[in-house]
Amino acid sequence: MRTLLRTLAKPFTETAGLARWMLVIGLVMTSLFVVLAIFAPWIAPYGFAQASSGGVDFPKAGAPSGDHWFGTDRLFFDVYSRTVWGARTAIEVVILSIVICVVVGVPLGLVSGYYGGWLDRVLVLVMDAMFAFPSFLLAIVFSFLLTGLLGGTVLAVALSLSAIYVPQYFRVVRNTTVSAKEATYVEAARAIGASDFVIMRRYLLNNVVQSVPVLGTLNAADAILTLAGLGFLGLGIQSTDAAEWGHDLNRALADAGSGIWWTGLYPGLAIVLLVTGLTLVGEGLNETLNPTLRVRRLLPVVMTPREER
Amino acid sequence: MSFATSNEPTLEPSSEPVISARDVRVWYGTTRGAIRAVDGVSFDIAPGETLGLVGESGCGKSTLGRGLMGLLPPGAKRDGEVWYDGKDVLSMRAKDSYRLRGTDLGMIFQEPLTRLNPLLRISAHFEETIKQHEPGLSKQQVRQRALDALRQMGIPPTRYRSYPHEFSGGMRQRLMIALALVLQPAFIVADEPTTALDVLVEAQIVQILNDLRRNFRTSLLLITHNVGIVAEACDRVAVMYAGRIVEEGRVSDVFENPQHPYTRELLRSTISLRTTGLNFIPGSPPDLVDPPDGCRFHPRCPDAMAVCATRNPINIERPTGGRVECWQVGPRDQIPSGGTRPLKQEELAVADEA
Amino acid sequence: MPTKPETPDADAQGAGVEAGPIIDVRGLAVHYGLRGGSLARLFGRDAGVVKAVDGIDLTLQPGEVVGLVGESGSGKSTLGRALLGLAPATEGSIRFRGQDLATLSRRRLRDLRRHIQMVFQDPSAALNPAMTVEVAVGDALRVHGMRSATERRAKVVDALERVGLSPVELFLEKYPRDLSGGQKQRVVMARAIITGPSVLVADEPISMLDMSVRAKILQLMLDLKQDLGLTYVYITHDLASAKYFCDRIAIMYLGRIVEIGPTEEIFANPRHPYTKALLRAIPDPDPGRQLPRDLPRGEVPDAAAPPLGCAFHPRCTEAVASCGWESRDLRTLVEAHWTRRTPEAFEAESASVGSLDHLDRPATSATLGKDGPEAIKGFLDQVRAEAPDDPIWTGVQTITDEGSGVRVHFHEGVDPALRRAGGVDVACVLYPEEPSGV
């Protein structure tokens, strides 16, 4: 129990100054959305594609009221419920795409960096080409292809987001592997008779994935924006399959002119808050984990008065 | 407490010391508290004299060297006095102490490559160093000064326009020494200048340091962990342990007749060509966040007495010159009754070993 | 006071050790291809070959401690790594109990490493920062197929006790960063002995440690040798510890063994000028001793372009005509002269001598000068008058006029092979083959 508490308190105890507050505020904001995502069915009063309750139709584009806190939109949906359910979609897509990135990018980078040679050259070339491509364009192309194949599901969108971010994981892991494999402990592992697989799995992996959490959180923030962008363009998830903030923003575009502010404000606010939260966590983590940026919390030096020696 | 120079035989007893440190302390902050890296250190260095500073790693010798130069990690604090040319370096304004560095106080580091800019030619390094401190010199004069300094270090003038990576390790260290000497400082701190070098090149650099004190009036504080280097390149030696100088005196005197048990054990544990048996000091240097009471060496000392664990030893004159702080040497009349019985040492396990 | 134990006789080592050498190295060479500058790298061209180890014969008798001593770049570490198959042999053979390492499959080679183990110079770097002591030491067993964690733990506890890390419970869960240098080196030793090896290659095991700890680790190695009947290859640059620790010493320079023999003989009668220089250059805590002035100049040359003839000749104080003098030595000579001249004199002289860059291409004759033969001859006479005893002059055969300068011809050099000389083997032209029967 105490160790659990200590682990939970780590962001606070092992950081200092600005990094600490970035990390703590970011974590609070992000976990708010995680809670919304997990408990959406209980927090949201209605379903995300629910236009009536108890046989009574919701008002069309109704202003915020006691029944509908954030109002309703032109499709009679409850904006508050859709914003809450939207958190679930966002978190699902982001987690899934990060998992895919890590599962694909980390082993690929490890193998490429460890063995080097032509395999490394080819992989680096392919990944650099993907990295050099405008990322949003890449996402659009992939979501076109994948939604055709898999339909407008969470998995299809997550996969197309992964295509943007895999090269980053590959590059980070590959470059750290290239330098880490020169370390004496890798040679020592070879000296005790370890095979290449054992060396990669037990000696290199733990030491090269350290920058992945930072990259993951920063990418998550970026992924939220890309997801919303895709939705805004009408690609990806359809509004009847799941609530998606970008898609809702797209539909709210027409409302803005006629004074209906609530359909756009709340999904937009959700995007801003979640992206800010994730970015704060990422930058905070970076400053804490990255030894070149880290500011340790040093105890102030108080010199005692001289004793007679 | 008097620290008169009269009891410290120097090369020229009449001359004023170039540098005199008085009760210098340098503490720096960690996540666990303040490390008392240097905790009350005093010494004098006469013109043209080389003082060797030896001790195990973590005893504060590098911190002391940097502290004298005003180079300290963030969050560190220092006090005491370091007198140079009638001024206290430690209480100077930052701008003044910056001006002093280079022209009057020089420094030579262990890793020369990390101190040289790989994109600049050697000539540019010299021009920048000289121009910064003596802006009045013409380009020709600068070149003259630089070539002179290089020549004295045995670097041919044909290499003046080369880049740092075109030099070998020993050459780079010579370059660093030349860069430090070109401004003709009165005092140089050399922090482990030979540690990264091969045996034969190390011997060459020791020769150069030897010539330095003979041919110039430059005083040198030579920080090293190698007692062999001290024997060959220094006039006097200060043995540092856990932030204190525990013994100090002429090299021949201290090494032939060590008064402090730590000096004795350190010399005995050194493996040399004459080694016929292995000796070592049990345990490891103390944690300087919370150093032991009394004498800091008492937990490892084979000669420890009851008084050593409770009272700080008193800094006294060594019988044959120099200073030492150890209750075994004295003063006997200040030891409380019963203080001289041997201290019962707990068995030192490998668990607390270095 | 612990003292140096007697070397156990080979036959006293007990059962399981067959007669004859445990390791037999014949004509071993390890060459590395060099990648050139950025342009060459872009086109994947190799820029040359570094002969890290170049033709070495070495035998190891069971229970023996053999020291490999040399400066950086001498190839001592590469030789040590080659013994484990960590550095691939370009030529020659390494036999471990009659088995040639080069012919083994990768899998068999990994199995073999159970019997030959290694201790590294920097204990902080040799341990995986992400592994606890228990996992790190136990992993040597795990890679050799010991699946049961409890079995492993029992062995780890035993190994840690052997290297003096007790009480063991204090260390099992520690990470390398929580340990001191000496403790880390003990962990590295525990990992090395846990598979029950017969040969231990120790690559500068004490040079990164504090003075007061070095003796402890050396004592531990002696104890382990006594208890486990180990055979050591002790790699070091420190002759003092080698003298205390080794039965036999091989002095290495630029990939070759230049002198090899019993420790007492090497120290009592050093023969190779390099050995003599090393012995005199060791800093000694005896304040009465002074460093000699006539130490070898310069540094270990670039292994990608070693000197012609004997590799040590440019630094040697005893060099003779047949040592392999060449154009690069001429450059060193002229540059050394200029360090003794005033900047004005240098400007004037260098104008008449011209560029020295063409001398970097090794050759046994070289041109010099651009202001006519007489001027350059006068210059060379002046250089010679300054240091008439410089060994390079023994190597100069003739100086002939050529174009606007002169051509300096050197005597053809020989590359000395290891030859028997009074109890040791020396590779130096000063020690020609002894008459047979001695």
Side-chain angles (χ1 to χ4, degrees), chain B residues 56-58 143-144 147-148 150-159 168-171 194 198-204 206-207 210 225-233 251-256 265-267 269-281 284-285 349-351 353-354, chain C residues 1-4 71-72 164-167 170-171 180-183 186 206 209-216 218-219 222 237-241 243-244 267 277-291 293 295-297 299-300 315 334-336 338-341 343 346 350 356:
Chain B
E56 292 170 86
S57 52
R143 186 180 147 85
Q144 197 88 339
L147 287 182
D148 261 341
L150 284 174
R151 205 157 50 91
Q152 278 152 3
M153 291 303 122
I155 298 173
T158 42
R159 308 293 299 275
S168 56
M171 283 285 201
T194 64
D198 277 322
V199 190
L200 292 179
V201 182
E202 178 176 64
Q204 293 166 359
V206 169
Q207 297 274 29
N210 255 329
H225 64 274
N226 188 335
V227 290
I229 302 271
V230 171
E232 253 143 26
V251 172
S252 51
D253 202 29
V254 170
F255 280 14
E256 266 156 31
E265 295 301 317
L266 188 69
L267 286 168
S269 67
T270 301
I271 302 170
S272 77
L273 286 177
R274 286 169 288 129
T275 300
T276 50
L278 294 174
N279 296 289
F280 34 79
I281 312 175
S284 64
V350 188
E353 172 193 291
Chain C
M1 184 200 299
T3 51
K4 185 178 181 175
E71 294 177 275
S72 58
L165 286 176
S166 54
L170 274 181
F171 294 97
S180 69
Q183 289 167 343
R186 285 175 194 263
I206 59 170
L209 304 175
D210 249 319
M211 284 290 178
S212 66
V213 188
R214 290 182 181 184
K216 283 184 227 179
L218 220 48
Q219 186 61 52
L222 286 173
H237 66 272
D238 170 29
L239 270 170
S241 67
K243 182 184 182 191
Y244 180 77
F267 281 89
L278 280 181
L279 270 173
R280 287 188 308 166
I282 303 176
D284 196 279
D286 178 4
R289 212 191 71 137
Q290 273 293 310
L291 263 182
R293 303 296 300 183
L295 280 171
R297 55 197 166 184
E299 288 174 61
V300 180
R315 309 174 69 190
V334 173
E335 289 190 328
W338 282 337
T339 64
R340 293 187 288 265
R341 309 283 288 167
F346 158 67
S350 89
L356 298 175

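Quick note: numbers below take in every heavy atom, side chains included, and nothing from hydrogens, waters or symmetry partners. Letters A, B, ... are given to chains in the order of the sequence lines, protein chains preceding strands, and every chain is numbered from 1.
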A.B. asks: Which one, B:Thr194, B:Leu266, B:Val201, leads in non-hydrogen pairs under 4.5 Å with chain C?
C.D. replies: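 Of the candidates given, the most pairs with chain C belong to B:Val201.
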A.B. asks: Closer than 3.5 angstrom, by distance alone: can the side chain of B:Gln204 be matched with the main-chain N or O of C:Pro296 as a donor-acceptor pair?
C.D. replies: yes
A.B. asks: Please classify the contact of C:Leu295 with chain B as side chain, backbone, both or neither, using a heavy-atom distance under 4.5 Å.
C.D. replies: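 Side chain only.
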A.B. asks: Report the C-alpha distance between C:Asp286 and B:Arg274 in whole Å, list the side-chain angles of each, state the deciding distance to 0.1 Å, and finish with yes or no for side chain to side chain contact (heavy atoms under 4.5 Å, CB included).
C.D. replies: CA-CA 10 Å; C:Asp286 178 4; B:Arg274 286 169 288 129; 3.2 Å; yes
A.B. asks: Could you go step by step and tell me if B:Glu202 and B:Asn226 meet the side chain to side chain contact (heavy atoms under 4.5 Å, CB included) rule?
C.D. replies: CA-CA 11 Å; B:Glu202 178 176 64; B:Asn226 188 335; 4.3 Å; yes
A.B. asks: Go through B:Val227, B:Leu273, B:Ile229, B:Thr270 and name the one with the most non-hydrogen pairs under 4.5 angstrom from chain C.
C.D. replies: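 Between B:Val227, B:Leu273, B:Ile229, B:Thr270, the count favours B:Leu273.
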A.B. asks: With chain C as the partner, which of B:Ser272, B:Ser168, B:Pro157 has the greatest number of non-hydrogen pairs under 4.5 Å?
C.D. replies: B:Pro157
A.B. asks: As an exercise: rank B:Ile281, B:Val251, B:Leu200, B:Ile271 by heavy-atom pairs under 4.5 Å with chain C and give me the winner.
C.D. replies: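 Most heavy-atom pairs within the cutoff with chain C belong to B:Leu200.
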A.B. asks: Is C:Val334 close to chain B through its backbone or its side chain, or both, or neither, when contacts mean heavy atoms under 4.5 Å?
C.D. replies: neither
A.B. asks: Where does B:Val199 contact chain C at under 4.5 Å (heavy atoms): side chain, backbone, both or neither?
C.D. replies: both
A.B. asks: Is C:Asp210 reaching over with its side chain to a backbone N or O of C:Ser212, donor-acceptor style, under 3.5 angstrom?
C.D. replies: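 Answer holds: no.
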A.B. asks: How long is the straight-line distance from CG of B:Asn210 back to CD of B:Glu232, given to the nearest 0.5 Å?
C.D. replies: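 Rounded to the nearest 0.5 Å, the CD-CG separation comes out at 8.0 Å.
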A.B. asks: So what's closer than 4.5 Å to chain B heavy atoms on C:Ile206: side chain, backbone, both or neither?
C.D. replies: side chain
A.B. asks: Compare every heavy atom of B:Arg151 with every heavy atom of C:Trp338, then report the nearest pair and how far apart it is.
C.D. replies: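 Taking every non-hydrogen atom into account, O-CD, 3.9 Å.
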A.B. asks: Using non-hydrogen atoms only, which part of B:Glu265 is less than 4.5 Å away from chain C: side chain, backbone, both, or neither?
C.D. replies: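 Interface part for B:Glu265: neither.
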A.B. asks: Tell me, side chain or backbone of C:Ser350 under 4.5 Å from chain B's heavy atoms, or both, or neither?
C.D. replies: neither
A.B. asks: Measuring heavy-atom distances to chain C, does B:Leu147 have an atom under 4.5 Å in its side chain, in its backbone, in both, or in neither?
C.D. replies: side chain
A.B. asks: If you compare all heavy atoms of C:Gln219 against all heavy atoms of B:Phe280, which two are closest, and at what distance to 0.1 Å?
C.D. replies: CB-CE2, 4.2 Å
A.B. asks: In terms of heavy-atom pairs under 4.5 Å with chain C, which of B:Ser57, B:Ala233, B:Gly169 leads?
C.D. replies: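 With the most close heavy-atom pairs to chain C, the winner is B:Ser57.
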A.B. asks: Between C:Glu299 (side chain only) and B:Gly170 (backbone N and O only), is there a donor and an acceptor less than 3.5 Å apart?
C.D. replies: yes
A.B. asks: Tell me, for B:Ile155 versus chain C, whether the close heavy atoms (under 4.5 Å) come from the side chain, the backbone, both or neither.
C.D. replies: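 For B:Ile155, the backbone is the part near chain C, not the side chain.
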A.B. asks: Is it true that a side-chain atom of C:Arg315 and a backbone atom of C:Arg297 form a donor plus acceptor pair closer than 3.5 Å?
C.D. replies: yes
A.B. asks: Tell me, side chain or backbone of C:Arg340 under 4.5 Å from chain B's heavy atoms, or both, or neither?
C.D. replies: backbone
A.B. asks: Using heavy-atom distances under 4.5 Å, tell me whether B:Met171 contacts chain C through its side chain, its backbone, both, or neither.
C.D. replies: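 Both backbone and side chain.
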A.B. asks: Heavy-atom cut-off 4.5 Å, strictly under: side chain, backbone, both or neither for C:Asp238 against chain B?
C.D. replies: neither
A.B. asks: Could you grab the distance from atom CG of C:Leu239 to atom CD1 of C:Ile282, nearest 0.5 Å is fine?
C.D. replies: 4.5 Å
